[in-house]
Amino acid sequence: VKDVYRAAVAGISDLELKVVHKQADNVTGMIDGTFADLSEFQINFYQAFPASTRVRIYVGLMANKGRSEQLAAAMQDNL
């Protein structure tokens, strides 16, 4: 969880997005933030198995797929 969480924080920084709240432990994590147009995003992490982390990305009320994919790609670039 920690490595994926750090990759998400780095990816968000690369995209120059604003983080409103973030926290993580060894089992779960969460990041809340906003884009410049004030649309919100949330990234949730949890340990699915000892060597794998499940990530869920939510963007806006209407589930903006394009922005979700941008966040996922930014995370991937930092893993």
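Values below: all heavy atoms of this structure, side chains included; hydrogens, waters and symmetry mates excluded.
- To the nearest 0.5 Å, the span separating CD1 on I31 from CZ on F41 amounts to 7.0 Å.
- If you run side chain to side chain contact (heavy atoms under 4.5 Å, CB included) between I43 and each of D32, I57, V9, V4, only I57 comes through.
- A heavy-atom distance below 4.5 Å is found between the side chains of L71 and F35.
- Between F45 and M75, the closest heavy-atom pair is CE2-CE, 4.0 Å.
- Residues meeting the side chain to side chain donor-acceptor pair (under 3.5 Å) test with T34, sequence neighbours left out: none.
- Taking R6 as the reference, D3 meet the side chain to side chain donor-acceptor pair (under 3.5 Å) condition, with sequence neighbours excluded.
- The NZ atom of K2 sits 7.0 Å away from the CG atom of D25 when rounded to the nearest 0.5 Å.
- The CZ atom of R54 lies 11.5 Å from the CG atom of N44; values are rounded to the nearest 0.5 Å.
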Sequence neighbours excluded and cut-off under 3.5 Å, please list the side-chain donor-acceptor pairs for residues 13-24, or say none.
residue : atom : partner : partner atom : Å
D14     : OD2  : N78     : ND2          : 3.0
H21     : NE2  : Q23     : OE1          : 2.8

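- Counting only distance, with no hydrogens or angles, the side chain of S68 and the backbone of N64 share a donor-acceptor pair below 3.5 Å.
- For D37, the salt bridge (charged side-chain N to carboxylate O under 4.0 Å, His left out) partners two or more places apart in sequence, or in a different chain, are R67.
- For E40, there are no side chain to side chain donor-acceptor pair (under 3.5 Å) partners, not counting sequence neighbours.
- Here N26 pairs with nothing under the side chain to side chain donor-acceptor pair (under 3.5 Å) rule; sequence neighbours left out.
- Annotation: side chain of Y46 is not in contact with side chain of V55 (no heavy-atom distance under 4.5 Å).
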